[in-house]
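Small disclaimer: the values here were computed from a predicted structure and weren't measured. So you know, we letter chains A, B, ... as the sequences are listed, proteins then strands, and number each from 1.
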Amino acid sequence: METTTNFPRIHRRFNVLHRLLHIIIIANFTLLAITGFGLHFSGYGWARLLVSILGGPQAAGFLHRFCAVFLYSGIGVHLCWLLYFKLVLNGSLLGPGSLVPGKKDAADLYQNLRYVFGKGRPPLFERFSYLQKVDYWAVMLGMQSMGITGLFMWFPEYFSTVFPGHWVNIASHFHFHEAVLAVMYIGVVHMSDTHLVPEVFPIEKSIFTGTMSEERFREEHPEEWKRMNPAKD
Amino acid sequence: MQTGSFQTLRSFTLRWITPLFTAGCLVLACAGFPNAHALASTSPAPLSTRQSTWFVDMNLYSAAAHGSLKCEECHGPMIGKDTAGKNKTHPDKQAQGFLRAETRREFDYASCGKCHKTSFDRFMTGEHAKAMVTEKQTGKVSRTGHAPTCGDCHSAHFSPSHLSRAETGKRMTETCGSCHPSQKLSFLANYHGKAAVNLGYDRSALCTDCHGAHACLSLKEPKEVLSACRRCHPDAGPSFADIIIHDNRMDLDKKTETKQAAMKRVQFLGFLSFVFVTVLLVFFYGHSCLLMLRKLHEKLRKHN
């Protein structure tokens with residue numbers, strides 16, 4: 001005999017748009033990294049093989065720019081969502097449940113470092129922990145700088161009329177360093193902090209399913225739980 | 001029952017997905033890309049070009065671009081009267097310098113001009129010819145060796161004809177790079193070099209596309225630079241010429257003063273962004289590592 005109580009109560013954390021944008025980022029980010037590094041490291045055999053699989057330097061370059069535009073258009077969609085969230089859903093873009101960094105994040109970081117060294121309890125997070133905020137802002141700000149420096153290299157004729165010519169060189173250095181940062185950050189820090197931690201190993205499903213068991217939600221985002229259920233706690 | 005078969009399917013998939021995926025990739029890599037091995041090898045294809053010496057391998061010679069020419073057409077008659085009417089005798093085989101002199105410094109390359117007039121005339125107006133004049137006047141050989149004549153870049157006996165543009169580019173980069181190594185490095189670090197030489201993209205610029213095949217201009221005049229850029233980038237404005245193609249610190253003194261100043265800014269900002277990236281990565285790697293260790297520790301403690 002089954003009753004509904006056997007099913008764990010679930011908490012809805014991400015809507016369809018968030019999940020879709022996350023998948024779009026995964027696909028485009030991966031392709032951008034493969035094509036970009038394939039072209040950059042073309043002095044090495046593996047990169048030449050990669051580029052030839054992708055259809056040669058022209059095709060790899062096209063794919064790189066295509067994915068860049070696709071990925072950047074995600075920011076447009078995201079901004080539209082923020083407007084909708086603010087104006088129609090009357091949500092708060094600055095409140096405690098938002099992604100805006102605040103004093104609590106600095107305090108959480110300090111408390112987490114103490115916890116790491118065995119002093120005290122882990123911090124109680126709001127809707128987004130400081131690491132999740134860093135993940136968000138790393139992508140958000142990183143895409144601005146990648147976008148601008150990428151445009152410098154895509155349209156050097158135009159940009160060299162507006163800015164000094166050697167800025168194209170600066171842009172290419174920034175673009176490469178930022179790409180290394182992005183791949184090494186997402187590949188190691190985001191992966192290990194989000195997906196490989198013992199609680200959810202091997203994968204955090206909530207960004208794909210949009211839901212999370214209420215038990216885990218209370219454990220990992222206690223401050224948000226408190227804010228949403230002031231009477232029950 | 002249904003759950004059971006689903007479980008079987010699931011465990012089967014989980015067990016076989018990795019080897020199947022790997023095998024698929026391997027098959028694709030080997031069958032779909034027959035030149036995969038050549039592509040994956042890091043060393044460039046061996047060049048069949050050899051510099052001329054006193055001895056000529058006639059098999060290679062007859063297969064090369066000049067293979068249909070007779071020796072006398074370039075070297076003149078060995079004995080008897082030459083075209084100028086001078087008496088020529090075969091060199092003394094017992095003489096001390098016999099077959100010892102460096103062929104490329106001995107040969108009179110003016111005879112190349114008989115057939116390759118345009119190239120020869122361009123060469124005579126270019127930087128290499130100027131360097132040759134200075135070398136003769138001062139008697140000093142430059143840091144990179146003798147000022148090159150035709151034979152230093154081209155092998156009259158062994159150069160093959162009708163090479164593809166990509167292949168020409170590869171050989172050219174090696175040839176020019178043997179005297180200009182830092183320019184070779186910076187060219188190969190630039191989009192043009194990567195696309196043309198590493199990836200064989202035949203619409204990308206090679207050394208000679210900007211510097212001229214025989215004039216070999218050093219491109220210090222902004223107007224000259226711009227006209228070189230505009231051959232491929234017709235919309236380029238004057239400041240386009242300030243983009244640094246040979247973007248490295250070696251041979252900095254060879255650049256114009258504006259480029260040197262720009263180069264310093266580029267290097268400084270590049271260094272700053274490198275430091276920025278390193279600091280961020282060190283911090284977050286340390287943070288993630290410590291956090292992971294702590295979480296594993298807590299988990300293991302719960303189990304005990």
A:Phe208 CZ: over 12 foreign heavy atoms closer than 6.0 Å: yes
Measure across A:Phe174 and B:Leu269 and return the closest heavy-atom pair with its distance rounded to 0.1 Å. CE1-O, 3.4 Å
B:Glu221, CD atom: more than 12 neighbouring heavy atoms under 6.0 Å: no
Flag, side chain of B:Ser239 to backbone of A:Ser160, donor-acceptor distance under 3.5 Å: yes
Can you tell me how far the CD atom of A:Glu157 sits from the CZ atom of B:Arg230, to the nearest 0.5 Å? 10.5 Å
Please determine whether side chain to side chain contact (heavy atoms under 4.5 Å, CB included) holds for the pair A:Met184 and B:Tyr285, giving the CA-CA distance in whole Å, both sets of side-chain angles, and the decisive distance to 0.1 Å. CA-CA 9 Å; A:Met184 288 180 78; B:Tyr285 273 36; 3.3 Å; yes
Walk me through it: do B:Asp235 and A:Tyr158 pass the test side chain to side chain contact (heavy atoms under 4.5 Å, CB included)? CA-CA 8 Å; B:Asp235 301 332; A:Tyr158 170 73; over 6 Å; no
Tell me, out of B:Pro234, B:Ala236, B:Ala262, who's got the most heavy-atom pairs with chain A below 4.5 Å. B:Ala262
Does B:His287 reach the side chain of A:Leu109, with side-chain heavy atoms less than 4.5 Å apart? yes
Heavy-atom contact with chain A under 4.5 Å, split by part of B:Glu298: side chain
Of all the heavy-atom pairs spanning A:Met153 and B:Tyr191, show the shortest one and how long it is. SD-OH, 3.0 Å
Let me know if B:Leu199 has heavy atoms under 4.5 Å from chain A in its side chain, its backbone, both or neither. both
Just wondering, more than 12 heavy atoms not from A:Tyr136 lying within 6.0 Å of its OH? yes
For the student: nearest non-hydrogen atoms of B:Asn198 and A:Gly43, plus distance: ND2-N, 3.3 Å
Smallest heavy-atom separation, B:Arg294 atom then A:Tyr115 atom, equals NE-O, 3.2 Å
Spell out the residues in residues 189-205 of chain A that have some non-hydrogen atom less than 4.5 Å away from a non-hydrogen atom of chain B, in order of number; otherwise answer 'none'. A:Val189, A:Ser192, A:Asp193, A:Leu196, A:Val197, A:Pro198, A:Glu199
Is it the side chain or the backbone of A:Phe163 that comes within 4.5 Å of chain B heavy atoms, both, or neither? backbone
Decide yes or no on side chain to side chain contact (heavy atoms under 4.5 Å, CB included) for A:Glu178 and B:Val277, but give the supporting numbers first. CA-CA 7 Å; A:Glu178 172 86 34; B:Val277 166; 5.9 Å; no
With side-chain contact (heavy atoms from CB on, under 4.5 Å) as the test, pick out the partner of A:Val168 among B:Ile243, B:Ile244, B:Asp247. B:Ile243
Among A:Ile170, A:Asn169, A:Thr161, which residue has the highest count of heavy-atom pairs closer than 4.5 Å to chain B? A:Asn169
Between B:Phe283 and chain A, with a heavy-atom cut-off of 4.5 Å, which part of the residue counts as in contact: side chain, backbone, both or neither? side chain
Can you see which heavy atom on A:Leu39 is nearest to which on B:Lys194, and at what distance? O-CD, 3.6 Å
Between B:Tyr201 and A:Gln58, what is the shortest heavy-atom contact and its length? OH-NE2, 3.4 Å
State whether the number of non-hydrogen atoms from other residues, nucleotides or ligands found under 6.0 Å of B:Phe274 atom CZ is greater than 12. no
